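Before any comments, here is the structure.
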Amino acid sequence: QVQLVESGGGLVQAGGSLRLTCGASGAAVRFMTLGWYRQAPGNQRELVATLNRTGSTNYADSVKGRFTISRDNAKNTVDLQMNSLKPEDTAVYYCNANYIGRNFWGQGTQVTVSS
């Protein structure tokens, strides 16, 4: 019932920035708990950042201070601003939403950070 589509991934040099956008359809993001996850080759999928209905955020220690999750209610999107990127940030990034007790996932977008 909820569809999520990520965009904004690409190749960037270490120290650079990218902004990922997740567009949602089927429901309003303001009523969802939202998150960004990532999975690097050979690794498990890990939590990057979350944003709940009240606006509270949570970040993995590895990205705290560098990444910012935000919601745009008018555009019905959730964004991940990534600054000071490091090669270890290289992964497929997935948008996640929890809505009325169900989890929904985007297809993922590749982020590659060169050293």
Side-chain angles (χ1 to χ4, degrees):
Q1 291 180 285
V2 174
Q3 294 82 46
L4 305 171
V5 180
E6 302 97 332
S7 63
L11 175 65
V12 65
Q13 292 184 349
S17 297
L18 282 175
R19 188 175 185 89
L20 306 183
T21 297
C22 175
S25 61
V29 296
R30 68 189 308 172
F31 301 130
M32 305 175 185
T33 295
L34 302 157
W36 285 95
Y37 292 72
R38 67 187 182 187
Q39 187 168 19
N43 289 0
Q44 302 296 315
R45 188 173 298 187
E46 65 176 354
L47 175 69
V48 176
T50 60
L51 173 65
N52 71 14
R53 298 176 189 86
T54 68
S56 296
T57 58
N58 200 354
Y59 297 93
D61 288 341
S62 59
V63 308
K64 195 170 297 181
R66 299 187 298 120
F67 291 10
T68 303
I69 187 171
S70 63
R71 183 180 63 212
D72 188 324
N73 294 334
K75 296 180 179 179
N76 210 41
T77 61
V78 57
D79 295 340
L80 184 69
Q81 178 66 46
M82 304 184 295
N83 298 327
S84 302
L85 283 161
K86 304 174 180 180
E88 48 263 48
D89 296 319
T90 295
V92 177
Y93 283 70
Y94 297 91
C95 179
N96 172 266
N98 185 268
Y99 178 65
I100 56 174
R102 297 185 63 186
N103 270 325
F104 302 89
W105 293 92
Q107 82 288 348
T109 186
Q110 177 71 47
V111 172
T112 302
V113 184
S114 62
S115 60

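Since this is a predicted model, take the numbers as computed values, not measurements.
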Let me confirm one number: the [atom1]-[atom2] distance from [X] to [Y], rounded to the nearest 0.5 Å.
X      : Y     : atom1 : atom2 : result
Gln110 : Thr90 : CD    : OG1   : 7.0 Å
Ser115 : Gln13 : OG    : CD    : 9.5 Å
Glu6   : Leu20 : CD    : CG    : 8.5 Å
Thr57  : Arg71 : OG1   : CZ    : 11.0 Å

Side-chain contact, heavy-atom cut-off 4.5 Å: [X] with [Y]?
X     : Y     : value
Met32 : Leu51 : no
Asp89 : Arg66 : yes
Ile69 : Thr50 : no

Would you confirm whether [X], through its side chain, and [Y], through its main-chain N or O, come within 3.5 Å as a donor-acceptor pair?
X     : Y     : result
Asn52 : Thr33 : no
Arg53 : Phe31 : yes
Asn76 : Arg30 : no

**Report entry** Transitive ILVMFWY side-chain link Val12 to Tyr93, under 4.5 Å
**Finding:** yes
Query raised in the report: Same cluster or not: are Val92 and Met82 linked, directly or through other Ile, Leu, Val, Met, Phe, Trp or Tyr residues, by side-chain heavy atoms under 4.5 angstrom apart?
Result: no
Query raised in the report: Checking side-chain contact (heavy atoms from CB on, under 4.5 Å) against Arg19, which of Thr68, Asn83, Asp79 comes through?
Result: Asp79
Requested in this report: Under the side-chain contact (heavy atoms from CB on, under 4.5 Å) rule, what do Asn96 and Asn103 come out as? Steps first, then yes or no, please.
Outcome: CA-CA 7 Å; Asn96 172 266; Asn103 270 325; 3.6 Å; yes
Requested in this report: Show your working on side-chain contact (heavy atoms from CB on, under 4.5 Å) between Phe67 and Leu18 and close with a plain yes or no.
Outcome: CA-CA 10 Å; Phe67 291 10; Leu18 282 175; over 6 Å; no
Query - Pairs satisfying ring-ring contact (aromatic ring centres under 6.0 Å, His included), at least one member in residues 94-115, at least two apart - result: Tyr37-Trp105
Query raised in the report: disulfide (SG to SG under 2.5 Å): which pairs involve residues 73-115, sequence neighbours left out?
Result: Cys22-Cys95
Compare every heavy atom of [Y] with every heavy atom of [X], then report the nearest pair and how far apart it is.
X     : Y      : result
Leu47 : Ala49  : CD1-O, 3.8 Å
Gly23 : Thr77  : CA-CG2, 3.9 Å
Gly9  : Val111 : CA-CG2, 4.1 Å
Ala14 : Pro87  : CB-CD, 4.1 Å

Requested in this report: Not counting sequence neighbours, list each pair that qualifies as a side-chain hydrogen bond (donor to acceptor under 3.5 Å, both in side chains) and has a residue in residues 40-49.
Outcome: Arg38-Glu46
